[in-house]
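Everything on this sheet refers to the single structure shown next.
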Amino acid sequence: MKQKRNLLAVFSICIIALSVSFLLSGCEKKTGTEEKLTFKIGETLPLTGKLGFMGESMKEALLMAKEEVEKQGGLKFNYEVIFEDDQLDPKLTANTVNKLINIDKVDAVISLDSGGGNITSELASAANIIHFGIAVSPTVADGKTNFLHWTTPREHSRVMIDALNKRGLKKVGILRSNYEDFEVQGNDFRDAVKGTGIEVVSEQVFELGEKDFRSFIAKMKENEKNNKPDIYLVLEMSPGLEIMTKAMMDAKIKTDMTSMMSFETTEEVNLFEGKWYVSPADATQEFTTNYNNKYKKNWVICAPNAYDVYKMIVFAVEHAAKSPSEKPTTQQIAAELFKIKDFNASLGTLWMDDKGMVQSKAQVKIVKDGKFVPIEG
Amino acid sequence: MFVQIVINSIIAGAIYTLIALGFNLICKVTRFFNLAHGVYAAVGGYAIFFFYKKLDIGLFLSVPLGVLIAGVTGFLSDKLLFLPLRKRKATSAIMLVASLGLFTALQEAIPILFNSQYKGLRDPFKTKTYEILGGVISEIHILIIASAILISAIVILLINKTAFGKAVKAIGDDEEVAKVIGIDTNRVIGYTFFVGAAIAGVTGILDGFETGLMPVMGMYLLLKGVIASIVGGVGNIYGGIMGSFLLSFAENFGIWKISDVWKDSISFGLLIVFLLFRPRGILGESR
């Protein structure tokens with residue numbers, strides 16, 4: 001009898017709690033925003049795991065963009081952002097994007113990297129929602145409602161070839177992980193150097209997440225006996241970048257190294273002091289200052305891209321909508337995105353090409369006194 | 001190149017030995033795979049980061065503190081989680097799942113406390129290296145090998161020459177009989193967790209100095225330790241050592257002429273071969 005009463009009490013408390021939460025959620029929707037529809041933007045990114053620091057920075061930049069847009073006012077819609085952690089694992093990306101689309105019912109989704117981006121492209125196309133990828137592989141932008149915001153591999157390669165020629169470096173050895181973005185970039189570079197006088201004399205690939213580079217480095221030294229490169233082109237990000245670099249130093253590898261994209265993912269900047277490299281388009285001083293002031297730290301690579309993507313989506317939605325009483329269709333939003341020209345963004349003035357890829361310029365930088373300083377481009 | 005591959009294999013084998021030692025010790029007395037063992041290594045590594053880099057305490061104090069914290073983490077994980085489960089007669093499967101939960105919880109706590117970005121412990125510009133017969137070895141690698149030899153010797157002496165070691169062996173043979181003959185099994189298991197986790201902490205510290213710290217470093221070490229233990233014979237200290245070096249040599253010689261991306265395939269391939277054809281491992285007992 002006592003047990004029955006206890007059960008009844010617990011059941012009643014649950015019912016009351018559920019009712020209160022329903023009531024409160026109803027109240028939340030009503031206060032101050034009752035007229036506007038909500039446009040939901042989902043983002044799948046690494047918030048934990050090896051690259052959690054990168055995802056955290058992207059999230060911060062996107063929230064900063066949201067705040068700035070809302071401060072300007074005059075929006076037809078409310079914008080809600082939902083973040084899901086995929087640890088940059090494409091298997092998890094499939095889960096997070098499915099959740100964003102099917103449960104959260106987002107109207108647009110943002111993804112990071114080529115592996116996750118290609119999966120998201122498929123899912124977003126099937127659900128007929130806008131997808132914006134921050135990735136290297138152009139296939140992420142396949143389809144009329146998929147878009148890509150990253151300095152293209154060919155632009156990176158072009159600037160790298162220029163920089164190598166300026167420095168009289170003709171033989172390049174590629175060291176990269178089997179991460180899809182780096183595979184795409186490495187393949188593009190091999191293709192782009194044809195007829196330029198530059199030769200890729202070796203290419204060594206290691207597993208993404210590798211910690212033990214000792215034998216990898218031993219093979220590098222062995223390869224150097226036959227065809228020593230003038231410089232190593234490293235395509236890997238933190239922490240593999242630092243681990244491999246330290247292993248190269250331990251093994252007394254004297255050949256210099258350069259990179260595309262990679263050096264800015266490290267906190268151990270001193271390892272790369274004095275080294276030049278090619279970076280994607282750089283953020284404006286305004287973005288950097290605002291980010292530093294707000295978060296009291298430096299932004300990490302991809303953060304400006306997340307910031308720009310949010311603003312481009314909102315821009316397109318606001319321009320595509322005929323009235324605040326009806327959200328524009330995905331096709332209408334896509335049409336506005338394709339029209340983007342001279343868009344003032346954190347990565348400078350951007351424009352969209354007819355393949356759905358935002359165009360931006362790569363540049364040469366050098367690591368000087370612990371900072372990443374532009375020197376060419 | 002051959003000499004360098006041998007040196008690399010010995011270095012890797014030494015790291016795997018350290019992680020397998022602690023893993024096997026704990027497995028011997030508890031008879032389950034403690035997946036949280038990997039995170040004890042990460043705790044040791046991050047503890048020394050905190051004392052050495054954040055508080056600027058010298059290495060001579062930071063290292064023992066880091067090892068102590070890892071050991072205490074292991075001891076507390078037994079007292080607060082595994083002992084209550086043992087009292088409830090939990091099956092090995094439940095203990096395994098609980099250890100996985102503990103591993104995940106502690107691993108996720110690390111980036112909250114320290115952020116998720118890679119952290120280096122040493123200055124590679126100041127690391128000395130030496131040439132041996134055409135191969136190169138650094139002072140940190142020498143320290144890793146020396147530590148593995150020293151700690152293996154200590155553990156073997158502990159197991160064979162001390163009352164504690166005899167108690168561990170007795171519990172490993174039959175816990176109920178050990179209780180009957182008056183051994184306080186829960187206390188001995190607790191101390192074993194402390195010792196095993198402390199050794200894992202040493203591994204994390206050495207690995208941290210060699211390659212740096214990441215929140216997920218424990219998983220990599222755990223996998224190697226588990227494979228080495230299975231190959232050598234689960235619960236067998238000597239087997240763990242043999243399994244570690246068999247694994248490291250197989251990996252390094254296996255990728256001599258092929259791409260490094262095959263390394264994990266070689267590791268798990270070796271595991272599968274042993275599971276299929278000699279599941280008790282090299283020195284494990286047949287059941």
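The two residues Gly212(B) and Lys211(A) come nearest to each other via the heavy atoms O-NZ, 4.1 Å. In terms of heavy atoms, Gln117(B) sits closest to Thr266(A) at NE2-C, 4.0 Å. In this structure, Asn8(B) and Ala218(A) approach most closely via the heavy-atom pair ND2-CB, 4.1 Å. In plain terms, the two heavy atoms of Phe53(A) and Ser116(B) that are nearest each other are N-OG, 2.8 Å. Of all the heavy atoms in Ala251(A) and Val136(B), the pair that sits closest is CA-CG1, 4.3 Å.
Only the side chain of Asn115(B) comes within contact range of chain A, with at least one heavy atom under 4.5 Å from a heavy atom of that chain. Contacts between Gln4(B) and chain A at a heavy-atom distance below 4.5 Å involve the side chain alone, from C-beta outward. Using a 4.5 Å cut-off between heavy atoms, Ser177(A) makes no contact with chain B at all. With a 4.5 angstrom heavy-atom cutoff, Leu221(B) does not touch chain A via any of its atoms. Heavy-atom distances place the side chain of Glu108(B), and not its backbone, under 4.5 Å from chain A. Using a 4.5 Å cut-off between heavy atoms, Leu271(A) touches chain B through backbone and side chain atoms alike. For Met214(B), the part sitting under 4.5 Å from any heavy atom of chain A is the side chain, from C-beta outward, and nothing else. Proximity to chain A is absent for every atom of Lys128(B), based on heavy atoms less than 4.5 angstrom apart. Neither the backbone nor the side chain of Thr245(A) comes within less than 4.5 Å of any heavy atom of chain B. Of the two parts of Ser259(B), the backbone and the side chain both hold a non-hydrogen atom closer than 4.5 Å to a non-hydrogen atom of chain A. Of the two parts of Val261(B), the backbone and the side chain both hold a non-hydrogen atom closer than 4.5 Å to a non-hydrogen atom of chain A. Contact annotation for Asp212(A): both backbone and side-chain heavy atoms come within less than 4.5 Å of a heavy atom of chain B. For chain A, the nearby part of Ile15(B) is the side chain; its heavy atoms alone come within less than 4.5 Å.
Around atom NZ of Lys53(B), more than 12 heavy atoms belonging to other residues, nucleotides or ligands sit under 6.0 Å away. Within 6.0 Å of atom CH2 in Trp256(B), more than 12 heavy atoms from other residues, nucleotides or ligands are found, so the atom counts as buried in its surroundings. For Phe125(B), the CZ atom counts as densely surrounded, since its 6.0 Å shell holds more than 12 non-hydrogen atoms of other residues, nucleotides or ligands. For Phe83(A), the CZ atom sits in a packed shell: over 12 heavy atoms of surrounding residues, nucleotides or ligands are nearer than 6.0 Å. Atom CE of Met242(B) has 12 or fewer heavy atoms from other residues, nucleotides or ligands within 6.0 Å. Residue-environment remark: CZ (Phe2(B)) stays at or below the threshold of 12 foreign heavy atoms within 6.0 Å. For NZ of Lys368(A), the number of neighbouring non-hydrogen atoms (other residues, nucleotides, ligands) closer than 6.0 Å is 12 at most.
Contacts with chain A were tallied for Ile11(B), Thr127(B), Ile5(B); Ile11(B) has the most, counting heavy-atom pairs under 4.5 Å. Most heavy-atom pairs under 4.5 Å with chain B, from the set Gln204(A), Met54(A), Lys252(A): that is Lys252(A). With respect to chain B, the highest number of heavy-atom pairs below 4.5 Å among Val300(A), Asn178(A), Val205(A), Thr48(A) belongs to Val205(A). Ranked by heavy-atom pairs under 4.5 Å with chain A, the first of Asp123(B), Ile112(B), Ile7(B), Asp207(B) is Asp207(B).
At distances below 3.5 Å, at least one donor-acceptor pair connects side-chain atoms of Glu268(A) with backbone N or O atoms of Gly120(B). Remark: side-chain polar atoms of Lys219(A) are not paired, donor with acceptor, to backbone N or O of Met1(B) under 3.5 angstrom.
Looking at Asp250(A) and Thr129(B), their side chains never bring a donor and an acceptor atom within 3.5 Å of each other.
Side-chain contact between Leu241(A) and Tyr118(B) is absent, with no heavy atoms from C-beta onward closer than 4.5 Å. Contact of the Phe213(A) side chain with the Thr211(B) side chain is not registered, since no non-hydrogen atoms from C-beta on lie closer than 4.5 Å. When side chains are defined from C-beta on, Asp264(B) counts as touching Glu207(A), because their heavy atoms get closer than 4.5 Å.
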**Message:** The test is salt bridge (charged side-chain N to carboxylate O under 4.0 Å, His left out); show your working for Lys246(A) and Glu210(B) and say whether it passes.
**Reply:** CA-CA 9 Å; Lys246(A) 286 179 183 175; Glu210(B) 198 217 348; over 6 Å; no

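Checked for salt-bridge contact, Glu251(B) and Arg214(A) miss the test: no charged N lies under 4.0 Å from a carboxylate O.
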